[in-house]
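Notes follow the structure.
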Amino acid sequence: MKTSVKTPAKHSAKSGAKVQEMLIGGRFVRAESGATRELFDPASGESVGVVPEAAREDVQRAILAAREAFDRGPWRKTSALERGKLLLKIGDLVRADAKAFAELEVRNMGKPLAEAEYDAADAANCFEFYGGLATKIHGETMSVPANSLSFVLREPVGVCGQIIPWNYPLLMAAWKIAPALAAGCTVVLKPSELTPLTALRLARLIHAAGVPAGVVNVVTGPGAGAGEELAANPLVDKIAFTGGTVTGRAIATAAPGNLKKISLELGGKNPNIVFADADFEAAVDGALFAAFANQGEVCSAGSRLLVERKIHKKLVAAMLAKIPRVKLGHGLTPGVKMGPLVSAAHRAKVEGYIQVGVQEGATLACGGGRPKGAAFAQGHFVEPTIFDDVTPDMRIAREEIFGPVLSVIPFDTEDEAVRLANDTVYGLAAAVWTSNITKGLRVIRELRAGITWINTYHPTYNEMPWGGYKQSGSGRELGLYGIQAYLETKQVNVNLDETPLGWY
Ligand code: NDP
C-alpha cells in the first residue's frame with residue numbers, strides 16, 4: 001500500500017502542480033531534501049496534488065518545534081478558556097469550509113461525497129465538543145489522614161506524536177488534534193502518505209485561527225522513516241496511533257525508549273448478529289451498510305454477518321436483491337454509494353482475500369470482480385462482494401480484509417452467536433439485531449468489544465468513547481474519555497500544620 005502513488009524522491013511532480021507545504025513551527029515548508037509525492041484520484045487516476053515527502057530530519061524539526069512550543073512558548077500559559085475559544089473557532093472554520101473539505105477528501109481517498117460531507121461536519125463537531133470541554137478539565141480535593149489540603153491538578157502530557165490512517169483522513173486528524181489542544185498539549189500529526197490533503201488543509205485553518213507557532217505541526221511523509229521517527233523520538237511524550245494492528249505492534253515496540261505514553265486504535269473483524277426476530281428490512285439495510293459503507297475500508301465494518309439459521313437464506317436473498325443499489329462510481333457522481341479502493345496495492349490485497357475465500361470453499365454469492373465499463377477503467381474499483389456459507393475457521397472469517405467483502409456465517413442459538421462473535425483476536429465493534437430488547441442487552445453484555453449497537457450499525461458520536469478490546473487497541477478516544485490520554489495527574493499536598501516536623 002505504500003508505493004503506488006509515489007514519485008521518486010527529489011523529483012518534481014509530472015503535473016507541475018504547486019507543492020502543498022506542510023506546517024512546521026508556524027511556517028509552511030517543504031521537505032529539507034526537496035522530495036515530493038504526487039497523489040492521484042483513486043477513481044480516475046487524475047493528479048490531485050503534490051505534497052512534501054518528509055523524512056526523519058523533517059519530523060525531527062517538527063518535534064523540536066512542538067517541544068519548544070510546549071516548554072517555552074505561550075501555549076502553556078493560555079487559559080483553558082482561550083484554548084476552548086480557539087477550538088471553537090477552528091470548528092467554525094472547518095464547518096465554513098466543509099464543502100471544499102468533502103470534495104478534497106473524495107478526490108484523495110475515494111469515498112462517496114455524502115460520506116465525506118458527514119465526516120467534515122463531524123470533524124467540526126469534534127473541535128466544538130473539545131472546545132467546550134477545555135474549561136471542564138478539573139482535578140479533585142481529597143480528604144487525607146493528615147492536616148493537609150490535598151488536591152489533584154490535571155496538566156497536559158506534553159508533545160504528542162499522532163499517526164493516522166487513510167480511511168478517514170480529516171476525521172481522524174480532528175479526533176487526534178482537538179483533545180490534545182483542549183488539554184494544552186502540542187502536536188506533530190502525520191497523516192497517511194496516501195491521503196494527506198485534508199490534513200494539510202486543516203493545518204492552514206488551524207494556523208489561520210491563530211494557534212501559536214509550533215503548537216500544531218503537520219508532516220507529510222511515509223510510515224517508514226517519518227512515522228518511525230515520531231514513534232521512537234525521545235522528545236515525544238505521547239504517541240497516539242490509529243491504523244493496522246501489525247503497525248500498532250511495531251509502534252508499541254519502537255515507542256518505549258523514553259517510556260512515552262501510547263494509545264492505539266487498531267483493526268477489527270466485527271460481528272454483526274441478526275436474530276430471526278429482528279425487523280427484517282432494517283436488518284437487511286443494516287447488514288449492507290455495515291459491510292459496504294466507505295467501501296468496507298472501516299475499522300469497525302460489520303465484516304462478519306452472523307445470521308440465525310431460520311432466516312439465513314431469506315436474508316442473503318434480500319441482500320442480493322438490494323446489491324444493485326450499492327452503486328459504484330466516482331464519489332463525486334450523484335447517487336454513488338461506493339467509491340474505489342484507496343490504491344492499486346490495496347485493491348490487490350482485497351482481491352487476494354477474495355481468491356482465498358473461493359479457494360477455502362465459501363459460496364461467492366455476489367461480486368468478487370472489478371466492475372466493467374469505461375467509467376471504472378482508471379480506478380481501483382472492486383464490486384461489493386458477499387461470501388455465504390462461511391465457516392468460522394476460514395481466513396475470510398478471521399482476518400481483517402478492509403474492503404467491500406462480507407462473510408456470512410449462520411448460527412442456531414444465542415450461545416453459539418456469542419461464541420462465534422467473540423471468536424476473534426479483535427474486539428473493536430459489534431452489533432445485535434433483535435426485537436427483544438432483553439435479549440439484545442443480554443448479548444451485548446457478553447460481547448468483548450468496545451463499540452456496540454442494537455438495531456443499528458456505524459453511528460458514533462464525539463460524545464462517546466471510541467476504542468477496542470483485545471488486539472483492537474488500548475485506550476479510548478472521544479468523549480470525556482478521549483481527553484484523559486492527553487492529561488497528566490499531579491498530586492499537591494499543602495501542609496496546614498505550622499509546627500515543625502520534629503522528626504530529628
Ligand atoms: P497502517 O497501519 O498501514 O498505517 C496507519 C498509519 O501509520 C499511516 O499514517 C502509516 O503511514 C503509518 N505507519 C505505517 N508504518 C509505520 C511505522 N512503522 N511506524 C510509524 N508509523 C507507521 O494502516 P492503514 O493506513 O492501512 O489503515 C488501515 C488500518 O487502520 C486498518 O487496520 C484499520 O482497521 C485501522 N483503523 C483503525 C481505526 C480505529 O479507530 N480503531 C480507525 C481507522 C482505521 P503511511 O500510510 O504513510 O505508510
Side-chain angles (χ1 to χ4, degrees), residues 1-6 22 37 39 51-56 59 108-109 111 119 161-176 188-196 199 218-233 236 239-255 262-270 293-303 341-343 345-347 349-350 399-403 424-429 449-451 458 460 464-478 482:
M1 234 184 302
K2 302 251 176 324
T3 51
S4 66
V5 293
K6 198 168 179 177
M22 52 192 180
R37 168 186 295 263
L39 304 162
V51 299
E53 179 82 333
R56 281 182 184 271
V59 176
N108 193 181
M109 187 273 159
K111 65 177 67 193
D119 292 355
Q162 305 184 317
I163 301 175
I164 56 174
W166 46 256
N167 60 343
Y168 287 87
L170 173 64
L171 196 56
M172 291 296 112
W175 284 21
K176 293 280 184 285
V188 179
L189 177 91
K190 192 204 86 63
S192 166
E193 66 199 34
L194 299 177
T195 56
V218 176
V219 287
T220 54
E228 286 167 346
E229 180 63 33
L230 208 45
N233 193 302
V236 175
I239 195 92
F241 171 78
T242 298
T245 295
V246 172
T247 317
R249 218 174 267 129
I251 284 180
T253 313
I262 308 174
S263 50
L264 301 170
E265 303 292 341
L266 308 176
K269 189 73 187 177
N270 310 290
N294 211 51
Q295 303 77 238
E297 295 167 322
V298 190
C299 52
S300 54
S303 52
L341 298 185
V342 73
S343 67
H346 187 54
R347 176 168 67 175
K349 178 187 156 192
V350 170
E399 298 175 20
E400 186 183 43
I401 299 174
F402 219 61
T424 168
V425 296
Y426 295 110
L428 188 59
I451 303 141
H458 275 322
T460 185
M464 297 295 282
W466 181 273
Y469 286 28
K470 301 196 274 182
Q471 292 185 33
S472 288
S474 64
R476 291 291 177 275
E477 294 194 293
L478 297 185

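Remember, it's 1-based here, ligands and their atoms both numbered in the order they're listed. Bear in mind the structure is a predicted one, so any value in this text is a computation, not a measurement.
Close N/O approach between Trp466 and ligand 1 is found [any backbone or side-chain N/O within under 3.5 Å]. Ligand 1 has an N or O atom lying under 3.5 Å from an N or O atom of Ile164, backbone or side chain. Residue Cys299 has no nitrogen or oxygen atom sitting less than 3.5 Å from a nitrogen or oxygen atom of ligand 1, judged on distance alone. An N or O contact shorter than 3.5 Å links Gly223 to ligand 1 by distance. The N/O atoms of Asn167, backbone and side chain alike, include none that comes under 3.5 Å of an N/O atom in ligand 1. Between Ile251 and ligand 1, no pair of N/O atoms sits closer than 3.5 Å.
Comparing Glu193, Met172, Lys190 against atom 10 (C) of ligand 1, the shortest heavy-atom distance belongs to Lys190. The closest heavy-atom contact to atom 1 (P) of ligand 1, among the options Thr247, Leu189, Ile451, comes from Thr247. Among Gly225, Ser192, Pro169, the residue whose heavy atom lies nearest to atom 46 (O) of ligand 1 is Ser192.
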Show your working on side-chain contact (heavy atoms from CB on, under 4.5 Å) between Ser300 and Trp466 and close with a plain yes or no. CA-CA 10 Å; Ser300 54; Trp466 181 273; 3.5 Å; yes
Begin from the C-alpha positions of Val298 and His458 and carry the test side-chain contact (heavy atoms from CB on, under 4.5 Å) through to its verdict. CA-CA 10 Å; Val298 190; His458 275 322; 3.9 Å; yes
Leu341 vs Lys349, side-chain contact (heavy atoms from CB on, under 4.5 Å): CA-CA, chis, key distance, verdict: CA-CA 10 Å; Leu341 298 185; Lys349 178 187 156 192; over 6 Å; no
Could you walk me through whether Phe241 and Ile262 satisfy the side-chain contact (heavy atoms from CB on, under 4.5 Å) test, starting with their C-alpha distance in whole Å, then the side-chain angles of each, then the deciding distance to 0.1 Å, before giving a yes or no? CA-CA 8 Å; Phe241 171 78; Ile262 308 174; 6.0 Å; no
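Under 4.0 Å from ligand 1, the heavy atoms of Ile163 that appear belong solely to its side chain. With a 4.0 Å cut-off on non-hydrogen atoms, Tyr168 does not touch ligand 1 at all. Under 4.0 Å from ligand 1, the heavy atoms of Glu400 that appear belong solely to its side chain.
Looking at every heavy atom in both residues, Cys299 comes nearest to Leu428 through O-CD2, 3.4 Å. Residues Pro191 and Ala199 share a closest heavy-atom pair of CG-CB, 3.8 Å.
No side-chain donor from either of Thr424 and Lys470 sits under 3.5 Å from a side-chain acceptor of the other.
Ligand 1 lies within reach of Pro222, whose nearest heavy atom is under 4.0 Å from it. Not a single heavy atom of Leu194 lies less than 4.0 angstrom from ligand 1.
Atoms of ligand 1 lying under 4.0 Å from any heavy atom of Gly221, numbered from 1 in the order shown and given with element: 47 (O). Interface atoms of ligand 1 facing Phe241, defined by a heavy-atom separation under 4.0 Å, are 2 (O), 5 (C), 6 (C), 7 (O). Against a heavy-atom cut-off of under 4.0 Å, Leu266 is close to the following atoms of ligand 1: 34 (O), 37 (C), 38 (C), 39 (C), 41 (N). Remark: ligand 1 atoms within the under-4.0 Å shell around heavy atoms of Glu265 are 37 (C), 39 (C), 40 (O), 41 (N). Every atom of ligand 1 with a heavy atom of Trp166 under 4.0 Å away is listed here by number and element: 24 (P), 25 (O), 26 (O), 27 (O). The Thr242 neighbourhood of ligand 1 comprises atoms 5 (C), 36 (N), 37 (C), 38 (C), 39 (C), 40 (O), 42 (C), 43 (C), 44 (C), with distances under 4.0 Å to a heavy atom of that residue. Close contacts of ligand 1 with Glu228, meaning ligand atoms under 4.0 Å from a residue heavy atom, involve 17 (C), 18 (N), 19 (N), 20 (C).
Between Met109 and Asn294, the closest side-chain pair of non-hydrogen atoms falls below 4.5 Å.
Listed for the Arg476 side chain is a donor-acceptor partner under 3.5 Å among the backbone atoms of Gly468. Looking only at distances, no side-chain donor or acceptor of Lys176 sits under 3.5 Å from a matching main-chain atom of Ile163. The closest donor-acceptor contact from the side chain of Lys111 to the backbone of Asn167 lies under 3.5 Å. Proximity of a side-chain donor or acceptor of His346 to a complementary backbone N or O of Phe402 within less than 3.5 Å is detected.
In terms of the side-chain hydrogen bond (donor to acceptor under 3.5 Å, both in side chains) criterion, residue partners of Asn233 (sequence neighbours excluded) are, by chain and number, Glu229.
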